[in-house]
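See below for the structure under consideration.
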Amino acid sequence: MIYLKTDEEIELLRENNILVSRTLAEVGRHLRPGVTTRELDKIAEDFIRSHGATPAFLGYEGYPATACISVNEQVVHGIPSDYVVKEGDIVSVDMGTFMKGFVGDSAYTFAVGEVSDEARQLMEVTKEALYRGTAQAKAGNRVGDISAAVQEYAESFGYGVVRELEGHGLGRKMHEAPGVPNYGARGRGPLLKEGMVICIEPMITMGDKAVVFERDGWTVRTRDRKPAAHYEFAVAIRKGGPDILTDFSIIEEAIKAN
């Protein structure tokens, strides 16, 4: 069942997703060599709770932390730990909020200090793939239009597009219908209707698209251990085009000021 949201519900979803953006910015301010991913997770939890929300990921299907923090070859769902972040790492942070009956969910990949040109390009291409997919998120299109836009752009650089994980609907629950794959054919999949809210989240690898699920039951990494990047928007479907509920400018201003 795909639930269409009212304008009032979309504004509550926006409020959540702006808080997620602000929390990602707060994490970005503290993300530097020497910090542990567990310390970053505590910063995220404290920030979310101090703004009247609860961490949507904490306890979700048993997940033990506020944020998924995935470093280098970890694609998604990395569990915060005593890992000490170092210069040259790329760190993907994915998190959610629950407030006023609705959920926020967004992700951003950060560079720690000076990263390689190859890693920088992977991040830039993954983010651009997100923007290209989002441009297709308008009433009358289909999910496959989003999927194909992401896949075509990422693969034009020789990158892998992860198949096992995908975007999703967002509302009172973190994962609602429809699924939003990062690969597919234009004109296929569920019809996009005004009032739908979805998360679009390219997960792109520098090498082969194959992934491995680690024994901790959560962490997904690349099989060839090459780096991966992950960015995520929450988007409301409108007749005139996408209404992006996430605000990356908040995060990017924090990075510049850091």
Side-chain angles (χ1 to χ4, degrees), residues 17 20-21 24 28 68 70-78 90-94 105-111 115-138 141-170 178-190 192 196-211 220-224 226-237 241-249 251-252 255:
N17 283 286
V20 175
S21 300
L24 287 166
C68 297
S70 307
V71 182
N72 297 328
E73 74 273 13
Q74 295 175 343
V75 183
V76 286
H77 302 163
I90 64 171
V91 181
S92 299
V93 184
D94 185 2
D105 182 11
S106 303
Y108 197 91
T109 299
F110 297 88
V115 303
S116 69
D117 291 342
E118 293 82 5
R120 181 71 64 181
Q121 178 179 280
L122 174 68
M123 293 167 62
E124 290 172 353
V125 168
T126 304
K127 192 197 294 183
E128 178 62 21
L130 169 61
Y131 280 105
R132 291 188 179 218
T134 300
Q136 299 299 318
K138 54 190 174 185
N141 277 4
R142 292 187 176 272
V143 167
D145 296 313
I146 299 170
S147 306
V150 170
Q151 180 182 12
E152 289 164 8
Y153 189 73
E155 289 184 348
S156 74
F157 289 84
Y159 294 149
V161 179
V162 173
R163 302 299 203 262
E164 289 83 354
L165 302 142
E166 63 182 14
H168 50 88
L170 184 72
V180 185
N182 293 305
Y183 67 100
R186 294 180 188 277
R188 302 286 182 87
L192 299 174
M196 289 171 62
V197 176
I198 58 174
C199 286
I200 304 170
E201 50 179 320
M203 290 159 268
I204 307 300
T205 66
M206 191 181 289
D208 189 81
K209 66 179 180 291
V211 296
V220 180
R221 68 161 173 84
T222 57
R223 187 169 66 186
D224 60 14
K226 290 184 178 180
H230 175 213
Y231 294 85
E232 179 180 10
F233 274 159
V235 182
I237 306 299
D243 181 4
I244 302 171
L245 308 181
T246 306
D247 189 350
F248 276 0
S249 71
I251 303 165
E252 287 158 5
I255 292 170

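Numbers here are sequence positions counted from 1.
- The salt bridge (Lys or Arg N to Asp or Glu O under 4.0 Å) pairs that include a residue from residues 157-168 are Glu155-Arg163, where partners are two or more places apart or lie in different chains.
- Atoms CG and CG, from Leu170 and Asp105 in turn, are 6.0 Å apart once rounded to the nearest 0.5 Å.
- Across every non-hydrogen atom of Ser70 and Gly78, the tightest pair is OG-N, 3.0 Å.
- Across Val235 and Pro242, no two heavy atoms sit closer than the pair CG1-CB, 3.7 Å.
- Within the 4.5 Å cutoff, side-chain heavy atoms of Leu165 are placed close to those of His77.
- Salt-bridge check for Lys127 with Glu252: passed, with a basic side-chain N closer than 4.0 Å to an acidic carboxylate O.
- Between Phe248 and Tyr108, the angle of the ring planes goes over 60°, which puts this pair in the perpendicular group of the 30/60° scheme.
- A donor-acceptor distance shorter than 3.5 angstrom exists from the side chain of Asp224 to the backbone of Asp208, with no hydrogens or angles considered.
- A donor-acceptor pair under 3.5 Å links the side-chain atoms of Asn72 to the main chain of Ile90, judged by distance alone.
- Although no hydrogens or angles enter the test, the distance criterion places no donor-acceptor pair under 3.5 Å between the side chain of Tyr231 and the main chain of Pro202.
- Judged purely by atom type and a 3.5 angstrom limit, Thr109 uses its side chain to pair as donor or acceptor with the backbone of His230.
- In this structure, Val150 and Gly133 approach most closely via the heavy-atom pair CG2-CA, 3.9 Å.
- Here the shortest heavy-atom pairing between Gly184 and Ala148 reads O-CB, 3.4 Å.
- Of all non-hydrogen atoms in Pro178 and Val143, the two that sit nearest each other are CG-CG2, 4.1 Å.
- Formation of a donor-acceptor pair under 3.5 Å by the Asp145 side chain with backbone atoms of Arg186 is not found in this model.
- Partners of Ser21 by side-chain contact (heavy atoms from CB on, under 4.5 Å), not counting sequence neighbours, listed by chain and number: Thr246, Asp247, Ile250.
- To the nearest 0.5 Å, the span separating CG on Asn141 from CD1 on Ile146 amounts to 7.5 Å.
- Rounding to the nearest 0.5 Å gives a distance of 5.5 Å between CD1 of Ile244 and OG1 of Thr134.
- Atom CG in Asp117 sits 12.5 Å away from atom CG in Leu122 (nearest 0.5 Å).
- Although no hydrogens or angles enter the test, the distance criterion places no donor-acceptor pair under 3.5 Å between the side chain of Arg221 and the main chain of Glu73.
- Going from atom CD of Gln151 over to atom NZ of Lys209 covers 9.0 Å, rounded to the nearest 0.5 Å.
- Remark: the backbone N or O of Val71 is paired with a side-chain donor or acceptor of Gln74 at under 3.5 angstrom.
- From Leu24, atom CG reaches atom CG of Asp94 across 8.0 Å, with rounding to the nearest 0.5 Å.
- Remark: the backbone N or O of Glu201 is paired with a side-chain donor or acceptor of Asn182 at under 3.5 angstrom.
- A donor-acceptor pair is defined here as one N or O able to donate and one able to accept, closer than 3.5 Å; no such pair exists between the side chain of Asp243 and the backbone of Ala236.
- Looking only at distances, a side-chain donor or acceptor of Ser147 sits under 3.5 Å from a matching main-chain atom of Pro181.
- Listed here is the closest heavy atom pair of Ile200 and Leu130: O-CD1, 3.3 Å.
- Between Tyr159 and Phe157, the angle of the ring planes stays under 30°, which puts this pair in the parallel group of the 30/60° scheme.
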